[in-house]
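Because the structure is predicted, anything quoted here is derived from the model rather than measured. Indexing begins at 1, ligand by ligand and atom by atom, following the structure's order.
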Amino acid sequence: MTSKTYRATLIEGDGIGPEITDSTVRILEKLGAPFIWEKCAGGLGAIESNGVPLPEATLESISRTGLALKGPLTTPVGKGFKSVNVTLRQRFGLYANLRPTRTIIPGERFDHIDLVVVRENIEGLYAANEYYLPLGDDPRAIACGGGFNSREECARIIRFACDYAVANGRKKVTLVHKANILKIFSGLFLETGRDIAQEYDGKITIDERIVDACAMQLVTDPWQFDVIVTTNLFGDILSDLTAGLVGGLGMAPGANIGEKAAIFEAVHGSAPDIAGKNVANPLALLMAGGLMLAHVGRHDLKQRLDDAITRVVTTGGVRTRDLGGTSNTSEITTALLDAL
Ligand code: NAD
């Protein structure tokens, strides 16, 4: 057992962010997590306090700590400032987005789910090179958008997924693409994956699936999948789908991992419809805290946390409304603190 501590940036986030971050930090502290928090501003709250959604002090903190836990941030739809999440991923080169999905509450429609989506995080259509073309009197008659996938980044994310599979005792990695239609844009990802597959011969199986078929099969037979690796937008959509298999977005943690920094967060957004009502499910962000513990090598603490979560929502029957229960954020937090 090590007593090493780690400075970590903490961004509360918008909407339900402050409620679930407070819950998560209290539970991690009770667990004895080795993090010394540097609380920083980000998102809509930062516009009010600092005039910008991503203040320099926040960027400086993440550069220095290389480790952050982040509540969800609101991004204006169709207008306004660029997503802070996307900016953070690009700025810190957080090329891999790891999204594990595991059944915690048994007996639901999809039992025994245990799969991982690895999403490329800085290229693809998220490059969002968007513009309008005029036609006649209409200056915004045609909306154009483009992205790019580089061979280097495709190779890096596919190797990340394969190395993760090998290190975590997983058996299969599925390359998810749309190379039948986007023969260049998605084709390069598939071609790169097929080349890399040879490096893992005898260690794991690598197969491939077209994204639309994959979406259907994730609903009809999700158990056939183990690790899925895919490009940015497909990974965004499929990982929300896989969250739905295990009780919804409140149960889906995510890790954004780069060479020099890693940012841990819930897959869900700021849920403005339930913000400030003390009903949000804090488990996704808490499980992201668990991924953060594993990232710094504290698998022992992650295991204790996972066990406590399982006990509280199964035998303890303490569940928030999104999981079909009646408990609020404070009640599930107290139950977890007691369980630890
Ligand atoms: P959302 O994930 O915030 O909410 C979708 C639905 O799920 C809502 O009904 C919400 O109440 C519910 N929900 C989400 N998290 C929950 C939780 N922990 N407990 C209980 N219910 C929960 O998605 P949205 O409404 O499309 O987006 C809202 C904002 O969040 C947008 O500005 C979007 O850009 C942003 N967003 C941020 C992130 C992030 O910071 N990583 C991710 C996704 C969306």
Please could you name the atoms of ligand 1 that [X] approaches to less than 4.0 Å, counting only its heavy atoms?
X      : result
Pro272 : 28 (C)
Asn85  : 37 (C), 38 (C), 39 (C), 40 (O), 41 (N)
Ala280 : 19 (N)
Leu249 : 2 (O)
Pro72  : 40 (O)
Thr74  : 32 (O)

Using distance alone, determine whether [X] and ligand 1 share an N or O pair under 3.5 Å.
X      : result
Ile274 : no
Asn281 : yes
Leu73  : yes

Modelled atom types, side-chain donor and acceptor of [X] and [Y], under 3.5 Å:
X      : Y      : answer
Ser330 : Asn278 : yes
Thr231 : Glu123 : no
Gln224 : Arg209 : yes

With a 4.5 Å cut-off on side-chain heavy-atom distances among I, L, V, M, F, W and Y, is there a chain of contacts connecting [X] to [Y]?
X      : Y      : answer
Val166 : Ile196 : yes
Phe264 : Ile122 : no
Leu94  : Ile157 : no

Counting heavy atoms only, name the option from [options] that's nearest to [atom].
atom                    : options                        : value
atom 29 (C) of ligand 1 : Gly248, Gly269, Ser270         : Ser270
atom 14 (C) of ligand 1 : Arg321, Glu265, Lys277, His268 : His268
atom 33 (C) of ligand 1 : Leu88, Thr75, Val84, Thr329    : Thr75

Classify the ring geometry of Tyr95 against Phe160: parallel below 30°, tilted from 30° to 60°, perpendicular beyond 60°. perpendicular

So, Trp37 versus Phe35, ring centres under 6.0 angstrom or not? yes

Cation-pi, Tyr126 ring and Arg119 (6.0 angstrom, 45 degrees): yes

Could a heavy atom of Val267 be found less than 4.0 Å from some atom of ligand 1? yes

